[in-house]
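Step one of this worksheet: look at the structure below.
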Amino acid sequence: MAGASGGFLAGVNDPWLKPRLLRALVAERLPQPGGTELPPVELASVLGAVRTHGLLTESLPDCAPEDPKLAVAWRAAVDSWVERAVALVESDSAYSCWLGTCFLGMTFQECSNERFAESYSNWYEKILSNLQQEPSNLQLVTVISCTSMSDLFVRLAKFLNLKKEASAFAGRVVEPVLRLLNENGLVADEATDLLRAVIKLYPSSVNRHYNKVESAIVATVMSTEVNIKPSDKFARTLALLPSIRVSEDSWSLMIRRILIVVNNLLNEALVGLEEEKNGHDIMLLLVPPGADPPPTLGDQVRSGANVHITKKFHVCTVPTISALMHCCSVMLTSYYPVQVNVPTRALVALIRRVLLVDGSLHKKLLPSTTSLHQELICFELPSLHSTFLDLLSATIKGMRSQLLPHGASIIRLVTEYFKIAKLPSLRTKAYSILQLLLTSMGVGTLLHLLEVTVSNAIADLNDDGGSDMTIINTNPSKVTNESSSKIYSKKRKQEPQVQNSFVSGSEKAAISPRKRKGSSVPIASKAMTHETTGDVRISTPLSVKIAALETLEILLNVGRFIADGSLEARSRFAPN
């Protein structure tokens with residue numbers, strides 16, 4: 001080969017390019033332990049070069065399948081890379097340890113199967129030692145260690161002959177991860193990613209830690225210290241727990257416990273805005289009279305006890321409800337190896353309870369809440385409605401024809417909700433619910449949804465149809481010109497001398513100044529003063545119109561399919 005002796009290469013496809021590039025990277029661009037820090041751009045360049053050129057793959061090309069010199073040179077180059085990465089991990093410098101862990105994570109993804117099978121045990125111990133250190137001192141190291149350990153388990157899962165060893169390794173990771181979740185919220189995001197990887201790939205390894213894992217995740221979901229956005233990630237992890245102990249009851253028990261927690265939170269949140277018996281009725285569906293209540297979810301420690309009530313509602317109550325409902329949505333739409341019993345009546349009743357709250361005080365009750373609490377509910381109500389619409393969508397997707405016994409109550413719910421949904425985002429989601437119902441629940445559902453679909457779609461497609469959605473025109477000058485021209489046109493109609501005639505320049509000059517002063521110019525300026533304060537026009541947003549049209553299209557297609565099937569059946573059985 002041209003590049004074997006270290007001279008010129010045959011080109012970019014010369015197989016000797018990769019070991020030579022890797023040797024150069026290690027010698028010239030990888031720092032020594034405790035050395036200078038790499039600029040972020042330089043680090044990205046190194047990692048990009050390794051991935052782009054496949055420098056760690058040790059995969060000999062077809063043109064040199066049995067070149068011993070190339071294989072030895074490449075193996076030596078990868079050895080030097082691994083040795084430098086391990087040396088950086090073992091360094092006392094936090095930055096060097098972080099950098100070496102980053103390089104090892106890349107190695108887990110890119111190295112050959114033979115090298116990974118030889119070295120994964122040693123690499124695992126290096127990363128595990130990082131996770132077992134105090135996270136407060138080495139936060140960056142802990143974060144990258146969680147990510148790299150996830151990469152190691154993902155790669156290890158491809159080796160079926162190592163499944164037993166991998167499961168044992170996964171079991172040793174659980175307790176350090178739980179400590180990170182309980183003690184350091186700053187690394188909770190990455191720790192949750194690692195825990196999810198362990199549960200998905202090696203669920204049996206978590207079995208003996210089940211109660212601790214559940215308590216840690218629930219505490220994280222209900223914590224006021226964690227950002228709202230990662231709550232969905234924690235909720236998806238909670239939804240995985242039934243897969244640890246697979247049985248007919250574990251899934252149903254988990255979702256019932258979640259619904260009980262949410263129902264109790266709603267009892268506090270919706271006080272004075274609904275009938276008092278709503279929460280009690282749902283609880284009877286979840287825990288029938290005479291039945292033992294299920295165990296509490298996690299340790300059921302309510303966070304936010306020392307937080308002001310207004311901040312608690314915004315920071316704790318609503319995010320907790322949203323995260324737990326997202327967990328239910330994931331459970332309803334994910335695969336489970338055994339058939340499960342879904343508490344459908346309680347689920348639909350809980351969805352109905354939230355979606356039919358419009359923020360107004362309940363008419364039959366004396367005011368049992370404050371105006372401040374009502375304002376807080378109205379502020380958060382669009383978010384809650386969006387969450388429960390997603391849950392209803394997941395219920396329809398997950399159960400489909402099994403929802404037929406509850407179809408009437410769902411249709412009534414959707415029909416009533418269209419009277420409440422005025423915000424474009426919520427109305428668009430309501431149309432998506434209609435589309436799911438039309439395509440998944442049969443002919444009878446189509447006939448019952450016909451009126452609500454057509455009436456609401458026509459109202460939304462017709463800007464004067466009264467769907468009560470407003471958009472603000474952001475171009476006042478255009479509005480002013482249009483308004484001025486309309487007023488000027490009306491003024492001209494009141495002047496028979498000028499109407500339907502051509503006025504020349506000399507005739508314009510002959511008009512007296514007093515008459516010009518009383519013409520349309522002052523009127524136009526008056527209109528401009530009035531119009532520029534803001535022009536609000538009743539108009540349906542484009543997103544809602546598109547959703548309405550798509551729903552009508554599905555309605556017509558499904559109806560036509562049913563009609564064609566009916567005609568075919570009639571022709572088949574018609575007498576000759």
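Note that the structure is predicted; figures quoted are calculated from it, not measured.
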Please give me the minimum heavy-atom distance between [X] and [Y], naming the atom from each residue.
X      : Y      : answer
Leu181 : Ala188 : CD2-O, 3.9 Å
Ser329 : Leu391 : OG-CA, 3.5 Å
Arg172 : Leu128 : NH2-CD2, 3.2 Å
Ser145 : Ile127 : O-CG2, 3.5 Å
Pro343 : Arg256 : CG-CG, 4.0 Å
Ile420 : Leu355 : CD1-O, 3.7 Å

Flag if over 12 foreign heavy atoms under 6.0 Å of CD, Glu165
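Result for CD/Glu165: enclosed.
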Any side-chain heavy atom of [X] within less than 4.5 Å of one from [Y]?
X      : Y      : value
Leu266 : Asn278 : no
Ser409 : Arg352 : no
Ser440 : Ser401 : no
Phe169 : Tyr120 : yes
Leu259 : Met325 : yes
Ser252 : Val342 : no
Leu555 : Val454 : yes
Thr540 : Leu461 : no

Arg51: what forms a salt bridge (charged side-chain N to carboxylate O under 4.0 Å, His left out) with it, not counting sequence neighbours?
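Here the qualifying residues are Glu110.
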Classify the side-chain pair [X]/[Y] by whether it contains a donor and acceptor separated by less than 3.5 Å.
X      : Y      : value
Ser360 : Asp358 : yes
Thr147 : Glu190 : no
Asn130 : Thr101 : yes
Arg427 : Asn456 : yes
Ser215 : Tyr210 : no
Asn113 : Arg155 : yes

Not counting sequence neighbours, list each pair that qualifies as a ring pair (Phe, Tyr, Trp, His ring centres under 6.0 Å) and has a residue in residues 384-418.
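Of all non-adjacent pairs touching residues 384-418, those that pass ring pair (Phe, Tyr, Trp, His ring centres under 6.0 Å) are His385-Tyr417, Phe418-Tyr431.
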Can you name the ring pair (Phe, Tyr, Trp, His ring centres under 6.0 Å) partners of Phe159, sequence neighbours left out?
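Once residues adjacent in sequence are excluded, the partners of Phe159 under the ring pair (Phe, Tyr, Trp, His ring centres under 6.0 Å) criterion are Phe116.
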Do Arg353 and Asp281 pass the salt bridge (charged side-chain N to carboxylate O under 4.0 Å, His left out) test, and can you show the C-alpha distance, the side-chain angles, and the key distance before you say yes or no?
CA-CA 11 Å; Arg353 180 184 184 184; Asp281 292 344; over 6 Å; no
After noting the C-alpha distance and the side-chain angles of Arg257 and Glu214, does the key distance pass the salt bridge (charged side-chain N to carboxylate O under 4.0 Å, His left out) rule?
CA-CA 12 Å; Arg257 295 162 68 197; Glu214 181 186 292; 2.4 Å; yes
Please report the C-alpha distance between Leu194 and Leu131 in whole Å, then the side-chain angles of each, then the deciding distance to 0.1 Å, and finally whether the side chain to side chain contact (heavy atoms under 4.5 Å, CB included) criterion is met.
CA-CA 11 Å; Leu194 176 54; Leu131 294 177; 4.0 Å; yes
With a 4.0 Å cut-off on N to O distance, would you call Asp460 and Lys545 a salt bridge?
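No, Asp460 and Lys545 are not salt-bridged.
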Main chain of Arg412, side chain of His448: is a donor-acceptor contact present, judged purely on distance under 3.5 Å?
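Pair absent, no side-chain N/O of His448 close to backbone of Arg412.
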